[in-house]
Enquirer: 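One structure, pasted below without further comment.
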There are 2 protein chains.
Amino acid sequence: MTSAKKTPTIYDVAKLSGVSITTISRVLNSPDKVNPKTRQQVMDAIDQLGFVPKAEARARAMRYTNRIGVITPFFTAPSFVQRLRGVAATLSKASYELVIYPVDSAEHLQGYISSIPVMRNLDGLIIMSLAIDEKDAQRLVDNAMHTVLIEYSNSLLNSIVINDAHGGRLAAEHLIGKGHKSFGFIGDIEPPERYAIHPVRSRLQGFKEALNEAGIDLSKKYIKQAYYSQENSREAALELLNMSKRPTAIFAASDIQAISIMKVARQLNLRIPEDLAVIGFDDIDMAEYVDLTTIRQHLDDSGRLSAEMVLARINDPGRILQNIHLPLTLIERQTA
Amino acid sequence: MTSAKKTPTIYDVAKLSGVSITTISRVLNSPDKVNPKTRQQVMDAIDQLGFVPKAEARARAMRYTNRIGVITPFFTAPSFVQRLRGVAATLSKASYELVIYPVDSAEHLQGYISSIPVMRNLDGLIIMSLAIDEKDAQRLVDNAMHTVLIEYSNSLLNSIVINDAHGGRLAAEHLIGKGHKSFGFIGDIEPPERYAIHPVRSRLQGFKEALNEAGIDLSKKYIKQAYYSQENSREAALELLNMSKRPTAIFAASDIQAISIMKVARQLNLRIPEDLAVIGFDDIDMAEYVDLTTIRQHLDDSGRLSAEMVLARINDPGRILQNIHLPLTLIERQTA
DNA sequence: AAGTTGGGTGAAAGCACTTTCAGTTTAACA
DNA sequence: TGTTAAACTGAAAGTGCTTTCACCCAACTT
């Protein structure tokens with residue numbers, strides 16, 4: 001029965017299904033652009049012939065991969081997920097695939113960064129919250145890999161950043177405005193990861209500065225280092241809240257940590273915001289669920305924007321470099 | 001100043017070394033057929049340009065992609081993220097890339113599913129919470145695409161499932177054990193998406209059955225349909241809690257919805273669990289932060305397992321099919 | 001009824017090479 | 001020195017696929 005003497009090509013499939021080779025290609029590469037009925041005919045023919053597109057021919061003819069990559073640490077932390085959501089939304093519209101490169105060590109990062117531009121199986125790249133050095137940046141531009149950085153910047157590449165110190169100020173000012181006099185801070189000031197960038201110190205600094213300007217000194221013992229984990233944040237919160245003169249307001253460098261603090265406060269029977277005000281940073285989805293007052297950093301938008309920027313660059317490589325500063329917004333809810 | 005705009009081709013090499021592209025090709029493919037002097041010139045040019053036959057590299061890269069794909073709806077909903085986290089963790093260890101195909105329409109899904117196995121730019125595939133029909137399953141196995149289904153099963157493919165009805169029972173039994181007599185249910189019983197699978201009905205059914213067995217009838221008006229959004233869940237909760245004889249315990253078909261209910265209860269000044277018990281389903285990270293009692297479905301583990309299964313299959317294609325039932329565990333915290 | 005969209009489609013022009021074939025050197029031999 | 005086979009080379013014709021562009025036709029506008 002098996003007639004085929006040679007492996008079938010799209011020309012064979014085209015003949016059998018009665019359409020042009022163009023349509024076959026389209027069924028395979030952008031199925032949504034072809035009429036479902038036609039698509040079904042083509043798929044039937046493909047199945048019948050056992051057609052498999054030849055990788056080399058494909059590679060030859062394909063100038064783009066229709067795929068953009070995201071290199072990110074902590075890719076499942078809520079704030080990163082929300083950025084990814086923004087990225088995915090715009091990529092999906094433009095029918096690009098999303099490849100995620102989770103980074104959990106410096107080697108990992110270096111590996112990705114050195115092989116990606118050479119392998120060229122990506123049309124563009126988004127790098128989140130990761131510091132990349134001059135040499136790597138240079139390699140990226142040499143190999144014409146369109147990339148945008150988030151939370152980090154480099155003169156050779158597009159970037160999207162926020163002003164973390166200003167975020168700290170916003171928090172301080174809001175709390176001061178509410179009449180608070182004694183403050184605490186909890187955040188991941190000295191994270192263990194060498195490869196990721198660390199905006200927390202800036203948030204703290206802005207917070208301190210604004211307090212100073214209001215004549216308030218935030219002494220060391222009210223500043224608690226806590227890793228991004230729940231237990232760790234909880235311990236820090238406990239220490240703060242068990243102090244003889246405990247603060248009436250706490251600024252947490254991330255919403256997740258703020259929520260941990262709320263949990264401890266609840267267990268200690270402290271009312272929020274009457275006994276303790278809590279303010280977070282990020283405005284992750286969950287913040288609204290728990291009515292957390294926080295500094296919104298427009299996570300979805302940053303993702304969306306970054307994707308739009310790489311797409312724009314792909315379509316117009318001559319486009320000028322951009323370094324976008326995203327605003328921060330205080331979102332007042334119930335906790336402060 | 002920008003030097004290399006694109007990767008060099010044999011044309012560039014030909015120009016630089018002053019011979020025709022034919023000769024370049026020959027140097028590369030049958031060096032013995034070309035004059036040593038000419039060959040040397042060509043090699044020099046090749047070195048100088050850093051030329052790598054592109055198609056070849058691509059084709060090589062494509063025969064074994066080191067990449068596995070995940071097709072998933074709602075890819076940024078917490079429960080899906082947690083599964084993805086499991087997947088990413090094991091893939092990262094095995095140094096595989098993760099490609100995410102977000103599905104937001106039936107066409108999308110059908111498109112992916114028909115082109116992926118044929119195009120072979122993936123070594124394996126994980127399909128989450130999506131129903132796939134016999135024909136597609138058949139095509140996947142015909143094309144030797146190693147795939148694992150999560151929350152759905154098919155006799156031709158590996159799968160990982162949970163017993164949703166049993167989860168409903170667990171919730172009911174726990175609540176009954178706490179002495180509750182009047183119950184409510186909130187969940188996405190009739191979701192709008194045709195392409196995704198819908199375990200909520202089963203959860204409700206198990207819940208109802210267990211109540212029935214305890215002699216309790218869950219009447220229709222205590223069963224509220226609510227989409228997976230915050231506002232919708234809130235409305236449903238409000239209706240339930242404003243009833244003349246309001247339930248003392250509510251089972252939410254997802255943690256996210258349970259948390260919405262908690263928010264409403266807070267606004268209504270209802271104490272949890274004294275005035276109202278709430279139990280969720282999933283055990284997402286956030287559940288612990290807000291002390292939500294819930295039915296844990298081991299999300300990270302299901303992701304990890306699914307990745308391990310496709311990896312195992314890639315390394316040993318003869319491996320027997322598995323249909324894994326993951327246990328559900330009641331996690332008792334503060335809300336019920 | 002005429003005009004405007006816009007989805008679906010095919011012809012044809014790439015893509016980055018390989019191969020064929022005809023031609024040009026070169027080397028070797030008479 | 002002329003002849004000829006061998007060695008080398010390039011133009012052009014594939015290779016199997018993707019993509020651009022123009023076209024058709026049906027569905028809306030006005």
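Scope of the values below: all heavy atoms of this structure, side chains included, with no hydrogens, waters or symmetry mates. Here is the naming used below: chain letters follow the sequence lines, and residue numbers restart at 1 for every chain.
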Enquirer: What I want to find out is whether A:Glu151 reaches A:Arg83 closely enough, with some N-O distance under 4.0 Å, to be called a salt bridge.
Expert: yes
Enquirer: What residues, two or more places apart in sequence or in another chain, satisfy side chain to side chain donor-acceptor pair (under 3.5 Å) together with A:Gln41?
Expert: none
Enquirer: Can a donor-acceptor pair under 3.5 Å be found between the side-chain atoms of A:Ser20 and the base atoms of C:dA11?
Expert: no
Enquirer: Measure from NZ on A:Lys54 to P on D:dT15 and round the result to the nearest Å.
Expert: 11 Å
Enquirer: Check the phosphate of C:dT19 against B:Ser25, side-chain N and O only, distance under 4.0 Å to OP1 or OP2. Yes or no?
Expert: no
Enquirer: For a quick test of reading the model: is some side-chain N or O of A:Thr9 closer than 4.0 Å to OP1 or OP2 of D:dG16?
Expert: no
Enquirer: For the base of C:dC15, is there a side-chain donor-acceptor partner from B:Tyr11 under 3.5 Å away?
Expert: no
Enquirer: Check the distance between D:dA11's P and B:Ile10's CD1 and give it to me in whole angstrom.
Expert: 13 Å
Enquirer: Please report the closest heavy-atom contact between A:Ile24 and A:Ser17, naming both atoms and the distance.
Expert: CD1-OG, 3.8 Å
Enquirer: Using heavy-atom distances to pick each residue's nearest nucleotide on DNA chain C, tell me which of B:Leu28 and A:Thr23 is more 5'.
Expert: A:Thr23
Enquirer: Is it the case that D:dG10 (base atoms only) and B:Arg26 (side chain only) share a donor and an acceptor within less than 3.5 Å, ignoring hydrogens and angles?
Expert: yes
Enquirer: To the nearest Å, give me how far apart CD1 (B:Ile21) and P (D:dA11) are.
Expert: 9 Å
Enquirer: Name the closest nucleotide to the A:Thr22 side chain, picking from D:dT9, D:dA11, D:dT19.
Expert: D:dT19
